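This report concerns only the one structure given below.
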Number of protein chains: 2
Amino acid sequence: MTIEAQLIARLRRIASDPAARGLLDDAALLDGLVITHDTIAEGVHFLPSDPAASVGWKLVAVNLSDLAAKGASPAGALLSLTIGADTAWDDEFLTGVEHACESYALPLIGGDTIALPPGATRVLGLTAIGRAGTNVPSRSGARPGDTLWVVGSLGDAAAGLRQLIADSKAHGLLVESYRRPVPQLGAGQVLSEHATAMMDISDGLLLDASRLAEASDCGADIALDLLPLSRAFVAEVGHDLASRLFAATGGDDYALLAALPAECNPLILPLPSGTTMTRIGTMTAGSPDVRLFDGVVPIPLPETLGYEHRGRIASPVADRP
Amino acid sequence: MTIEAQLIARLRRIASDPAARGLLDDAALLDGLVITHDTIAEGVHFLPSDPAASVGWKLVAVNLSDLAAKGASPAGALLSLTIGADTAWDDEFLTGVEHACESYALPLIGGDTIALPPGATRVLGLTAIGRAGTNVPSRSGARPGDTLWVVGSLGDAAAGLRQLIADSKAHGLLVESYRRPVPQLGAGQVLSEHATAMMDISDGLLLDASRLAEASDCGADIALDLLPLSRAFVAEVGHDLASRLFAATGGDDYALLAALPAECNPLILPLPSGTTMTRIGTMTAGSPDVRLFDGVVPIPLPETLGYEHRGRIASPVADRP
């Protein structure tokens, strides 16, 4: 076990309180509030060349995506703002934070500002708090026979990041998907009443689905040919098997992954207009792993299932050597 | 107005929700929960030579001190853990976090781990959540005629930091006060039922008292000769006027500052045994400033009232140029 994996295993032992939900979830649940915290670092979660306003937007959106996955309604946020030498950057960053908070009715209710030493890497954090609905699905409730669904499309952000790495001046829908993810709050609230398990897809579908499968102690069969790909993605990357694997492992999607009882048809639920909801697979009684198919043809799992740099504390997959 | 002050003024405008309490408080109040977030950075809030376990302890303790100031009982914490190249440091840091969480019955219920790029300054954060008592004193409720009290002693941590800056191998009670502050949770819970205003003293008594005075729109008369100084402080620094001003502006005390109605005698309240509670002054009907006295002799305010690097978001004093 690596020292990093040991650290995470240790955190999981420390966090023995029921509110921690085994640290296997996107968020903690305390007195009817769903609470999550995500930290982002320059060079890890955003590019130094990304517009500061988009970094502010993204910090809020990725936290709201965790609330969406639990079906919670935004109630408040605490910002951890680090002020560097370039205060114009910080000001633009706040514009993005403000825009996202207004867009999703998330009141900023507190936080902390600190000055960083000169030359320090920017590290910014947000704690988002939501009010729980009647049911707060965890990652661990899926059962064999449940159907597996994705809300949103996959691979757009990864394709946008690839464009930006090739050309920092790239722009367009895919770059926007990378820089300004849209949390699926409305869909999450509707689905949370029915889902046996739900989480957001932040690190790549295959990695996140394997986490859901492991937490639920079920297998997950996923049909690559059913993945929801946008027209922009298909135009840029394609739709062959390699493109689909790219979409399934790219990360930064902030789509939702939901397991639903077989008898539940989400397409007749009152989802927000414009919601794209796609059945991509089935939970199985097999070992708690993901199996991939292209139509009926089994496809070997790629070596890398997703983006592991961001490890939610003690996510089970992070324990793998 | 500096750009930094503009940023903070802007944050205050963004945070218009009642739960934000005008961002003038130590913590937000939402659905009966008191929520606070503090971030600490290497070279700003702790020394690279500080033992990692003490940094972990301190991160938890400074957040608990915010809960103490609102009279809240610890209910849960979310850790923002950044993993650097030196994972042995991170492991020891976690030992300190765990020790403090256990000592104050604060369950770790979630958070985030991220890997920092090589060479990045360590930035670590914690969100602490407490259950509110029957009354949650803000900074802004003090009235002329209220008495002003300090729970704990002042200057110990600043004296310890001064020792460490002179000799990184320094040790003893003062260094321990700097590295392992003790949140006044029990006293905060008892006092919150009576206090008209309360906050923790993290940035120096004079700076924090001026914030309380400004938020309450009262003056505050403080008697330097009444400051609670420990024997260790007096032995190391002295007890003359300069030493008292050092204690009043040093910061990192994590004592409590409470305004109480004149008719309330806190010394007959059921405070935890060993609590040191000292009357240091009176709130007045004057302009919202601090006035200093040594006995009956007025003393001019020092140029620096405290440690301003750590600015709680939109603390009013941070607006001063």
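Here the structure is a predicted model, which is why all the values come from computation and not from measurement. Below, chain A is the first sequence line, B the second, and so on; all start at residue 1.
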Could you look at A:Ile129 and say if it's the side chain, the backbone, both or neither that has a heavy atom under 4.5 Å from chain B?
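Answer is side chain: those atoms of A:Ile129 sit under 4.5 Å from chain B.
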Given that the side chain runs from C-beta out, which part of A:Leu33 has a heavy atom under 4.5 Å from chain B: side chain, backbone, both or neither?
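The side chain, not the backbone.
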Give the C-alpha distance, both sets of side-chain angles, the deciding distance and a yes or no for side-chain contact (heavy atoms from CB on, under 4.5 Å) between B:Thr121 and A:Thr121.
CA-CA 6 Å; B:Thr121 301; A:Thr121 302; over 6 Å; no
Between [atom1] on residue [X] and [atom2] on residue [Y], distance to nearest 0.5 Å:
{"X": "A:Ile109", "Y": "B:Ser16", "atom1": "CD1", "atom2": "OG", "result": "12.0 Å"}
{"X": "A:Leu126", "Y": "B:Asp112", "atom1": "CG", "atom2": "CG", "result": "11.5 Å"}
{"X": "B:Arg13", "Y": "A:Leu108", "atom1": "CZ", "atom2": "CG", "result": "13.0 Å"}
{"X": "A:Leu11", "Y": "B:Leu94", "atom1": "CG", "atom2": "CG", "result": "4.5 Å"}

Please step through side-chain contact (heavy atoms from CB on, under 4.5 Å) for the pair A:Leu30 and B:Arg131, ending with a clear verdict.
CA-CA 10 Å; A:Leu30 194 67; B:Arg131 292 195 177 87; 3.7 Å; yes
Kindly give the heavy-atom pair with the smallest separation between A:Pro117 and B:Glu42, and that separation in Å.
CG-O, 3.6 Å
In the structure I gave you, are the side-chain heavy atoms of A:Val44 and B:Leu116 within less than 4.5 Å of one another anywhere?
no
Salt-bridge test for B:Arg10 and A:Glu98: reply yes if a basic N is under 4.0 Å from a carboxylate O, no otherwise.
yes
Heavy-atom proximity to chain A below 4.5 Å, by part of B:Glu102
neither
